Peer 1: 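Input: one structure, supplied below.
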Amino acid sequence: MNKLRCSFIVLLSLVFLYGCAQTNVLDKVGLTTLVGYDVGTESKMAATAVIREVNPEFQSKVEILTTENDTSKGNRMEANRKLSKKIMVGQMRVILFGEELAKEDLRYYIDTSLENASISNGIYMAVVEGKAAPFLKYEYQNIEDIGQHVFRLIEQNVKQEYMISATLHQIAHDYYSIGQDLAMPTIKRDGEFVELSGVALFKGGKMVSTLPAKDSFYVKIVRDTFKVGLYETILEQEDIPPKLLHKPADKITVAFDAIHSTREMKLLDAKTPAFDLNIKIKSRVLEVFPDINQGDRDSVIALEKAIEKKLSKEIARVIAHSQKVESDIFGFGEKYRSVVRYSYLTKDKWHEMYKDMKVNVNVDFVVLRDGVFE
């Protein structure tokens, strides 16, 4: 009994000592939550770090510091010389790249992040329209911690499937894959707000083009499955069957959430190359404006066909744009390499083939349950 009591006292003492040690460490370090990289002067790297410091009373403040050096480690040393607390990167959640830097090459930054054991593979990456430094240093009226704000903005949009996900793990996979290029969100300041503005397309490690935010839906539905997101599309007059409306209209706006989607790539011709892209979407239509004859099953079928036509056209447009800039963000090359034996595919060879690739886009859209019609 005495031995058990002594053991308990020793264990309790260790717990209290551990708590004190942790408090002491937190008091002496600055936690980096976000880093933005830009092209610096004289070929140097400019790094802007968002650092949260906690005092002994657990009150915190945010420091935003820009340094220039030849390496990321050199920038950290430079930042340490300007702060009273040791900088730690274990809590970093986002890496941002200035637009000019993204157009040069991100290979060094991808490799350096992968080699740093303190950086999680789940960290998000994005491109800033313009430069990262002024974006981060702007004094937003309603944003206390720009690092946490950007992280939460990206995280909630990824979870709701409004934006593609671009973690370090995903970026590294796409970068080193033969037959797939990487893509990541773009972000910008809009007055006092921060906004996810689109999708950056890369060829190798260089950004070659962007797509608007609304096209993230088409990118995601071809690259991945779609489960919970909300989307709104506009059916133009040429896509609207006459019997669908009570009275003529120039367009119909349809809002739906994709309950479940699947996609299948099928190689038809290895020489061209040519693919069938089959996408199935089971969805709930939430709103339609103007009103349709929702009580008539034929009207619902006509709406399904109209949405299929619209989505097929938009997906084909986005794929055609990616072909023009030679950025296979969809992974057609990976499918080609997995099917064609002894293809000896290289990145350069696939980019040349990708320009002339033929794709037949087939969308099967099914309304699971009529929603609220207005």
Side-chain angles (χ1 to χ4, degrees), residues 99 102 124-130 150 153-166 170 181-191 193-202 207-240 249-261 263 277 279-290 303-304 306-325 327-330 359 361 363 365 367 371 374:
E99 194 172 357
Y124 288 115
M125 292 183 159
V127 175
V128 178
E129 290 189 17
V150 170
L153 174 69
I154 295 175
E155 183 183 48
Q156 68 97 357
N157 275 276
V158 168
K159 285 184 176 179
Q160 294 188 78
E161 298 189 308
Y162 297 151
M163 180 54 64
I164 63 166
S165 176
Q170 293 165 327
D181 289 298
L182 62 97
M184 62 179 71
T186 59
I187 193 168
K188 69 176 183 179
R189 179 176 72 84
D190 183 12
F193 295 93
V194 173
E195 175 186 355
L196 290 175
S197 56
V199 178
L201 280 60
F202 286 75
M207 188 180 84
V208 291
S209 185
T210 59
L211 292 167
K214 66 180 182 64
D215 284 344
S216 176
F217 173 82
Y218 306 119
V219 173
K220 180 173 175 56
I221 212 163
V222 177
R223 281 164 57 108
D224 199 1
T225 58
F226 206 85
K227 296 177 182 178
V228 297
L230 174 70
Y231 188 72
E232 181 182 271
T233 190
I234 297 175
L235 305 178
E236 305 296 341
Q237 192 172 33
E238 62 268 21
D239 299 325
I240 304 172
D250 294 333
K251 63 181 182 180
I252 296 179
T253 303
V254 183
F256 58 89
D257 54 354
I259 302 301
H260 183 69
S261 76
R263 65 109 166 98
L277 175 62
I279 298 173
K280 293 183 179 180
I281 306 172
K282 294 179 180 179
S283 177
R284 178 177 53 189
V285 174
L286 303 178
E287 294 183 38
V288 179
F289 182 84
L303 179 64
E304 290 174 340
I307 294 174
E308 287 174 359
K309 184 178 179 181
K310 172 69 174 183
L311 295 183
S312 297
K313 185 165 58 176
E314 293 298 321
I315 291 169
R317 173 184 61 79
V318 170
I319 293 174
H321 178 79
S322 76
Q323 288 181 264
K324 184 179 179 181
V325 297
S327 175
D328 182 7
I329 60 174
F330 305 106
V359 183
V361 180
V363 176
F365 188 92
V367 175
E374 294 182 352

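Predicted model only: the values in this text are computed from it and were never measured.
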Peer 1: Would you indicate whether the side-chain heavy atoms of Y124 and V150 approach each other to under 4.5 Å?
Peer 2: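 V150 does not reach Y124 side chain to side chain.
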Peer 1: Under the side-chain contact (heavy atoms from CB on, under 4.5 Å) rule, collect the residues that match up with A255, sequence neighbours excluded.
Peer 2: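 Here the qualifying residues are E287.
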Peer 1: Should we say atom NZ of K227 is surrounded by more than 12 heavy atoms from elsewhere, each under 6.0 Å from it?
Peer 2: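 Check fails, neighbour count at 12 or below.
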Peer 1: With a 6.0 Å cut-off (strictly less than), is the heavy-atom count around NZ of K214, excluding the residue itself, greater than 12?
Peer 2: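 Check passes, neighbour count above 12.
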Peer 1: Which atom pair, heavy atoms only, marks the closest approach of V285 to V288?
Peer 2: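 Shortest heavy-atom contact: CG1-CG2, 3.6 Å.
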Peer 1: Tell me, please, which residues at least two apart from Q170 pass side-chain contact (heavy atoms from CB on, under 4.5 Å).
Peer 2: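 Here the qualifying residues are S165, T167.
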Peer 1: Is a donor on one side and an acceptor on the other found under 3.5 Å between the side chain of S216 and the backbone of I164?
Peer 2: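 Answer holds: yes.
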Peer 1: Please give me the minimum heavy-atom distance between A183 and A166, naming the atom from each residue.
Peer 2: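 Shortest heavy-atom separation between A183 and A166 comes out as O-CB, 3.7 Å.
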Peer 1: Please determine which of V219, D328, V359 meets the side-chain contact (heavy atoms from CB on, under 4.5 Å) test together with I319.
Peer 2: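 Passing option: V359.
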Peer 1: Please find the pair of heavy atoms, one from D215 and one from L211, that lie closest to each other, and give the distance.
Peer 2: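 Where D215 meets L211 most closely, the heavy atoms are OD2-CD2, 3.9 Å.
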Peer 1: Quick one, T253 with E232, criterion side-chain contact (heavy atoms from CB on, under 4.5 Å). Give me CA distance, side-chain angles, the key distance, then yes/no.
Peer 2: CA-CA 7 Å; T253 303; E232 181 182 271; 3.5 Å; yes
Peer 1: Can you name the residues that form a side-chain contact (heavy atoms from CB on, under 4.5 Å) with E314, not counting sequence neighbours?
Peer 2: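 side-chain contact (heavy atoms from CB on, under 4.5 Å) list for E314, sorted by chain: Y218, K310, R317.
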Peer 1: Please round to the nearest 0.5 Å and tell me the distance separating atom CD of E99 and atom NZ of K188.
Peer 2: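 Rounded to the nearest 0.5 Å, the CD-NZ separation comes to 11.5 Å.
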Peer 1: Any salt bridge (charged side-chain N to carboxylate O under 4.0 Å, His left out) involving residues 156-165? Give me the pairs, sequence neighbours left out, ordered by first then second residue.
Peer 2: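 Residue pairs with at least one partner in residues 156-165: E155-K159, E161-K220.
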Peer 1: Is a side-chain N or O of S327 found less than 3.5 angstrom from the main chain of F202, in a donor-acceptor match?
Peer 2: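 It does hold such a pair.
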Peer 1: Please list, chain by chain and in numerical order, all residues satisfying salt bridge (charged side-chain N to carboxylate O under 4.0 Å, His left out) with R223, sequence neighbours excluded.
Peer 2: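 With neighbours one apart ignored, the set is D174.
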Peer 1: Contact between L201 and D181 at the side-chain level, heavy atoms closer than 4.5 Å - yes or no?
Peer 2: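 Side-chain contact under 4.5 Å: no.
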Peer 1: Contact between I187 and L153 at the side-chain level, heavy atoms closer than 4.5 Å - yes or no?
Peer 2: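 Sidechains of L153 and I187: in contact.
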Peer 1: Take I221 and I281 through the side-chain contact (heavy atoms from CB on, under 4.5 Å) test and state the conclusion after the steps.
Peer 2: CA-CA 9 Å; I221 212 163; I281 306 172; 3.4 Å; yes
Peer 1: Which atom pair, heavy atoms only, marks the closest approach of L277 to R263?
Peer 2: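 Scanning both residues completely, I find the closest heavy atoms to be CD1-CD, 4.4 Å.
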Peer 1: How far apart are the closest heavy atoms of G198 and M163, and which atoms are they?
Peer 2: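 Looking at all heavy atoms of both residues, the shortest contact is O-CE, 3.6 Å.
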Peer 1: Taking E304 for the side chain and V367 for the main chain, is one N or O donor matched with an acceptor at less than 3.5 Å?
Peer 2: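 Checked: pair present.
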Peer 1: Taking only residues two or more places apart in sequence or in another chain, which ones pass ring pair (Phe, Tyr, Trp, His ring centres under 6.0 Å) with F217?
Peer 2: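 With sequence neighbours excluded, F217 shows a ring pair (Phe, Tyr, Trp, His ring centres under 6.0 Å) to F226, Y231, given in chain and number order.
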Peer 1: Nearest 0.5 Å please: distance from the CG atom of L182 over to the CE atom of M125.
Peer 2: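 That separation rounds to 9.5 Å.
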Peer 1: Using 0.5 Å steps for rounding, measure from the CD1 atom of I315 to the CD1 atom of I279.
Peer 2: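 One finds 3.5 Å between CD1 of I315 and CD1 of I279.
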Peer 1: Side chains of L235 and L303: does their closest heavy-atom pair fall under 4.5 Å?
Peer 2: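 A side-chain contact under 4.5 Å exists here.
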Peer 1: Looking at D257, is its backbone amide N or carbonyl O close enough to the side chain of S283 to form a donor-acceptor pair, meaning the two atoms are under 3.5 Å apart?
Peer 2: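 Flag set: sc S283 to bb D257 pair under 3.5 Å.
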